[in-house]
Amino acid sequence: MECVSALHHKKRKTNYHIHLIFSERKLLPEPDVKVATRSVFFDEAGQRVRTKKEIIGEDGQIRKGCTVIKKGEVYERHLFTTKDERFKSEAFKAEAKEVYTALINSHISDPKQRLKVFDKNSVYLPTRKIGKNNPKEEEIKADNAARQEWNRTADMALITGISEETILEIKQTQIHEKVSRPIRGSEIFTAKPYPLTEYAAQAYTGYQYGGVSPYA
């Protein structure tokens with residue numbers, strides 16, 4: 001599959017992401033050409049009619065906008081196959097992330113600078129892309145700040161010896177479960193009246209109590 005890719009990031013070198021441009025169809029070895037075995041007639045609306053008489057005007061001529069495909073003429077030509085539905089699957093997206101991350105890292109000599117595919121099952125929370133002219137820009141900025149604070153806290157917790165299992169439990173019980181109560185879906189981390197900022201702060205308190213939050 002031929003593909004063009006472009007690596008994007010914010011001015012501060014955050015939110016690394018890749019845009020992939022490719023075709024969901026494969027180029028056929030030879031064009032698929034269909035030839036009319038008999039004359040075919042279409043009216044002004046592009047609808048096929050049975051006989052030529054149906055598209056003839058009062059003057060005896062073919063009405064404007066009507067079409068005639070004569071016997072032996074090419075009426076359809078395909079250069080590509082039908083769309084491959086695999087490219088719309090989550091499995092393909094996950095595979096593409098791994099492949100292109102590995103490709104980028106192959107050109108980076110410093111291991112500390114190499115990229116990683118975000119693991120949604122890790123102790124960290126992903127930040128959200130804001131985009132241009134987003135009416136929820138300030139809300140998402142606050143949301144991302146809370147996520148980044150949580151991620152820094154998770155790093156500190158790991159350094160101080162708190163197990164990954166404990167952090168994941170706090171993440172699940174003090175953030176995911178509480179925030180998902182009022183709404184489930186793409187807005188799960190900005191659902192009100194249970195903002196992520198509050199629960200991230202509460203979950204941080206859980207670290208101070210050895211993984212048992214007083215907000216549980």
(request) Determine, using the 4.5 Å side-chain heavy-atom cutoff (strictly less than), whether Leu125 and Leu158 are members of one ILVMFWY cluster. (result) yes
(message) Do Leu20 and Leu115 sit in one hydrophobic cluster, given that two such residues count as connected whenever their side-chain heavy atoms are within less than 4.5 Å of each other, even indirectly?
(response) yes
(request) Looking only at non-hydrogen atoms, find the nearest pair between Ser39 and Lys71 and report the distance. (result) OG-N, 3.4 Å
(request) Verify whether one side chain among Tyr124 and Asp155 offers a donor that lies under 3.5 Å from an acceptor in the other. (result) yes
(message) With a 4.5 Å cut-off on side-chain heavy atoms, are Arg152 and Met156 touching?
(response) no
(message) According to a hydrophobic-cluster definition based on side-chain heavy atoms being under 4.5 Å apart (Ile, Leu, Val, Met, Phe, Trp, Tyr only), do Leu168 and Phe118 belong together?
(response) yes
(message) Check whether Arg63 reaches the backbone of Glu54 with its side chain - one donor and one acceptor, N or O, closer than 3.5 Å.
(response) yes
(message) Any heavy-atom pair between the side chains of Ile55 and Val68 that's under 4.5 Å?
(response) yes
(message) For the CD1 atom of Ile108 and the NZ atom of Lys112, what is their distance to the nearest 0.5 Å?
(response) 14.5 Å
(message) Using the ring centroid of each side chain, check whether Tyr100 and Phe22 are separated by less than 6.0 Å.
(response) no
(request) Could you tell me whether the side chain of Glu73 and the main chain of Lys70 form a donor-acceptor pair under 3.5 Å? (result) yes
(request) Would you check if Ile69 and Phe42 make a side-chain contact, meaning some heavy-atom pair closer than 4.5 Å? (result) yes
(request) With the side chain counted from C-beta on, respond yes when Arg86 and Glu95 share a heavy-atom pair under 4.5 Å apart, and no when they do not. (result) yes
(message) Give me the atom names and distance for the closest heavy-atom approach of Arg38 to Arg50.
(response) NH2-O, 4.0 Å
(request) Verify the neighbour count for atom CZ of Arg114: are there more than 12 heavy atoms of other residues, nucleotides or ligands below 6.0 Å? (result) yes
(request) Return yes if some donor-acceptor pair links the side-chain N/O of Thr81 with the main-chain N/O of Lys26 below 3.5 Å, else return no. (result) yes
(message) Looking at Asp84 and Glu24, would you say the former's side chain and the latter's main chain have a donor-acceptor pair under 3.5 Å?
(response) no
(message) To check you understand the geometry: which heavy-atom pair defines the closest contact between Ile56 and Lys52, and what is its length?
(response) CG1-O, 3.2 Å
(request) Compare every heavy atom of Arg128 with every heavy atom of Asp143, then report the nearest pair and how far apart it is. (result) OD2-CD, 3.4 Å
(message) Heavy-atom count check: over 12 atoms from other residues, nucleotides or ligands less than 6.0 Å from Asn133 CG?
(response) no
(request) State the CZ-CD1 distance between Arg147 and Ile140, to the nearest 0.5 angstrom. (result) 9.5 Å
(message) Show, in sequence, the C-alpha distance, side-chain angles and deciding distance for Lys93 and Lys97, and conclude whether the side-chain contact (heavy atoms from CB on, under 4.5 Å) test is met.
(response) CA-CA 6 Å; Lys93 186 164 62 175; Lys97 287 180 180 180; 4.1 Å; yes
(message) Let me confirm one number: the CD-NZ distance from Gln148 to Lys141, rounded to the nearest 0.5 Å.
(response) 12.0 Å
(message) Check the orientation of His19 and His8. Use parallel for under 30°, tilted for 30 to 60°, and perpendicular for over 60°.
(response) tilted
(message) Please report the interatomic distance CG(Asn121) to NZ(Lys171), rounded to the nearest 0.5 Å.
(response) 7.5 Å
(request) Ignoring hydrogens and angles, tell me if any N or O in the side chain of Lys120 forms a donor-acceptor pair with the backbone of Pro126 under 3.5 Å. (result) no
(message) Other members of the hydrophobic cluster containing Leu27, with the 4.5 Å side-chain heavy-atom rule, please.
(response) Leu79, Phe80
(request) Would you kindly say whether Glu98 and Thr101 are connected by a side-chain donor-acceptor distance under 3.5 Å? (result) no
(message) Side-chain heavy atoms nearer than 4.5 Å, only ILVMFWY residues, links allowed to pass through others: does that put Tyr75 and Leu28 together?
(response) no
(request) Answer whether the closest heavy-atom distance between the side chains of Ile170 and Trp150 falls below 4.5 Å. (result) yes
